[in-house]
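First the structure, which I've put down as structure tokens, then a few questions once you've had a look.
All chains are named by letter (A, B, ...) in the order of the sequence lines, taking the proteins before the strands, and each is independently numbered beginning at 1.
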Number of protein chains: 2
Amino acid sequence: MRMSQAAEDSWIGHFRGLERLDREVQETLVARSRYVSVPAGTVVFGPGKSPENLLLLLEGTVRVQQTSESGREIVLYRVHAGESCVLTTACLLAYENHAAEGVAETDVKAVMIPRTVFDELVARSESFRTFVFSAYARRITDLFHVIDEIAFQRMDVRLAQKLIELSRGADTVKATHAVLATELGTAREVISRQLQEFQRRGWVEQSRGTIRLTDRAALEGLGQDG
Amino acid sequence: MRMSQAAEDSWIGHFRGLERLDREVQETLVARSRYVSVPAGTVVFGPGKSPENLLLLLEGTVRVQQTSESGREIVLYRVHAGESCVLTTACLLAYENHAAEGVAETDVKAVMIPRTVFDELVARSESFRTFVFSAYARRITDLFHVIDEIAFQRMDVRLAQKLIELSRGADTVKATHAVLATELGTAREVISRQLQEFQRRGWVEQSRGTIRLTDRAALEGLGQDG
DNA sequence: ACCGGTCGGTGACATTGTTACCGAAACCGT
DNA sequence: ACGGTTTCGGTAACAATGTCACCGACCGGT
């Protein structure tokens, strides 16, 4: 058995972009990080909780959302398995009053990298830097996309897209109107109205807490032609 | 005359966070960067133009905005003198289709740091890393703020805030209704309506291309009590 | 069965976005 | 100065979205 066995078999393989790291760097990562497992619903980071760690997700998803003063919420993006919560690395060093919070949407298994180790690796490894900045780019692109949508897209188009996204290939979406409203940063009544219209057209069927997509093609088509 | 004279007298002093760099690092920065001066209106970066440099602004401001498919625009944030265009560093390595573009709003003097030097300094200097990540945090916070506003704030409040921001203490704002619409990501007609209402209340006076703020207190008060 | 909380429905209304115009003011070349 | 062009702002009708107040149906527990 070679010494590097541990590193090779470790969680590193979950992350495209980390595999390319030097073996030595990989070993540092594995040795100095900590495995955590949190149940669904846990607030992973948020206002007040200064996150002293970079989180790399092995399993599950984390929903990052923002709450306005008036109490309304909007989902900014999701961090999936194989991705990292890089934005916290920036937020923790400067402006602590970032109103965004991260919530474990499912049971989550992850690896925590302490800030000091993160900093050391950014210094030591070009591949790690690429990994970090790519992750940043991904998130920032997501934010641009969110801004574009809420500023310029029609509600019906956004809802249709979101339903398809949340269905993930299945034919039903388990979500209350209120949850969908949060996803899109709008009010529950607006969602109810839109879903009624979709139902009237035969695109969906509703029951308490779930929505059946009966005409996926029509929903997808909304974006194209209008 | 000491060797470090050049570094000490250089543009480094414009940037809080760079002064703390080791002298050696400062000298690298000064030696390997390039001074540029561009006239107002120049597109500094944008879709298609892969920015191979980090920009540090010495004078002027750069407006970063996004254009939707439908042609409407929204201003995301501004980069002022003493700040940097860090987001481009991320965008240039990963997703090139970022729809955001940067426009010189005034004549701009800046320093360009090539990507390779940027990378080298991130590796070498802890202070430089702090500088970079702080700049990121600042921008990301700005984006969160934009999202919060367009999703949850009333138009009149946003317009009042924007007028005050653009006045910068003066009592007139030089901007067309169309420009203000772009600032807030809305339509020109909406701005015209709101300004008429402001005028009716005696808060502003309008003439072609300029708006006089005649009751700043009232405009500021809009946010507080509603 | 009762109770409290969640979920969705509804109607009236306010705000914002869209469309399609219009005339006035500034700009420009001759 | 003149006429043509562009930019700027105004207007009205309408569509879409957000807000408010309320309601009954359903769900879980006891």
Side-chain angles (χ1 to χ4, degrees), chain A residues 41 67-74 147-163 166 172-201 204-212 222-223 225-226, chain B residues 41 67-74 146-163 172-201 204-212 222-223 225-226:
Chain A
T67 306
S68 79
E69 298 173 6
S70 55
R72 268 176 55 189
E73 298 181 342
I74 184 170
I147 290 174
D148 199 271
E149 286 228 317
I150 57 183
F152 304 126
Q153 270 290 27
R154 292 174 51 91
M155 208 60 229
D156 50 3
V157 176
R158 294 176 59 204
L159 178 56
Q161 285 175 355
K162 185 58 78 173
L163 286 174
L166 292 179
T172 67
V173 173
K174 270 201 139 30
T176 67
H177 294 188
V179 165
L180 291 170
T182 294
E183 291 284 338
L184 300 176
T186 183
R188 200 249 323 154
E189 294 90 325
V190 176
I191 300 295
S192 296
R193 268 199 303 242
Q194 295 291 354
L195 283 176
Q196 293 225 313
E197 178 61 18
F198 287 177
Q199 188 168 36
R200 198 188 62 72
R201 297 189 196 172
V204 304
E205 286 170 11
Q206 298 188 64
S207 62
R208 193 184 171 96
T210 69
I211 296 148
R212 247 170 54 80
L222 248 193
D225 40 52
Chain B
T67 306
S68 78
E69 299 172 7
S70 56
R72 269 177 51 189
E73 297 181 343
I74 184 170
V146 169
I147 290 175
D148 199 272
E149 287 228 317
I150 56 184
F152 304 127
Q153 270 293 27
R154 292 176 50 93
M155 207 60 229
D156 50 3
V157 176
R158 294 176 58 203
L159 177 56
Q161 285 174 357
K162 185 59 78 174
L163 286 174
T172 66
V173 173
K174 271 202 137 31
T176 67
H177 294 189
V179 165
L180 291 171
T182 294
E183 290 283 338
L184 300 176
T186 183
R188 200 250 320 154
E189 293 88 329
V190 176
I191 300 295
S192 296
R193 266 201 303 242
Q194 295 290 354
L195 284 177
Q196 291 227 312
E197 177 61 18
F198 287 176
Q199 188 168 35
R200 198 187 61 74
R201 299 189 195 171
V204 304
E205 284 170 11
Q206 298 188 65
S207 64
R208 193 185 170 96
T210 69
I211 295 146
R212 248 171 52 79
L222 247 195
D225 40 54

N/O donor to acceptor pairs below 3.5 angstrom from side-chain atoms of residues 185-195 of chain A, sequence neighbours left out:
| from | atom 1 | to | atom 2 | distance (Å) |
| --- | --- | --- | --- | --- |
| A:Ser192 | OG | A:His177 | ND1 | 2.9 |
| A:Ser192 | OG | A:Arg188 | O | 3.3 |

Worksheet item: Sub-3.5 Å donor-acceptor pair from the side chain of B:Arg158 to the main-chain atoms of B:Leu184, do we have one?
Response: yes
Discussion item. D:dT7, OP1 or OP2 - any side-chain N/O from B:His177 closer than 4.0 Å?
Written reply: no
Worksheet item: Looking at A:Ser192, does any N or O in its side chain come under 4.0 Å of the phosphate oxygens OP1/OP2 on C:dG8?
Response: no
Discussion item. What's the separation between atom CD1 in B:Ile150 and atom CE in B:Met155, rounded to the nearest 0.5 Å?
Written reply: 10.0 Å
Polar atoms only, N or O, under 3.5 Å: list the protein pairs with nucleotides 2-6 of chain C and their distances.
| from | atom 1 | to | atom 2 | distance (Å) |
| --- | --- | --- | --- | --- |
| C:dT6 | O2 | A:Arg208 | NH2 | 2.7 |

Worksheet item: How would you label the contact of A:Gln196 with the nucleic acid (heavy atoms, under 4.0 Å): base, sugar-phosphate, or nothing?
Response: sugar-phosphate
Discussion item. Here's a test of your reading of the structure: between A:Arg188 and A:Arg158, which maps to the more 5' nucleotide of DNA chain D?
Written reply: A:Arg158
Discussion item. Side chain of B:Arg72, heavy atoms from C-beta onward: which of C:dT10, C:dT18, D:dG18 has the nearest atom to it?
Written reply: C:dT18
Item to complete: Flag the pair A:Glu149 / A:Gln161 as yes when at least one side-chain heavy-atom distance between them is below 4.5 Å, and no otherwise.
Response: yes
Discussion item. Please evaluate residues B:Ile147 and A:Ile74 with respect to the criterion side-chain contact (heavy atoms from CB on, under 4.5 Å), reporting the C-alpha separation (whole Å), side-chain torsions for both, the decisive distance (0.1 Å), and the verdict.
Written reply: CA-CA 9 Å; B:Ile147 290 175; A:Ile74 184 170; 4.3 Å; yes
Practice prompt. Hey, which sits more toward the 5' end of DNA chain C by its nearest nucleotide, A:Phe152 or A:Glu189?
Written response: A:Glu189
If you restrict it to nitrogen or oxygen atoms, what contacts under 3.5 Å exist between nucleotides 14-17 of chain D and the protein, and what is each distance?
| from | atom 1 | to | atom 2 | distance (Å) |
| --- | --- | --- | --- | --- |
| D:dT17 | OP1 | A:Met155 | N | 2.5 |
| D:dT17 | OP2 | A:Gln194 | NE2 | 2.9 |

Worksheet item: Quick one: are A:Leu166 and A:Ile211 in side-chain contact, heavy atoms under 4.5 Å?
Response: no
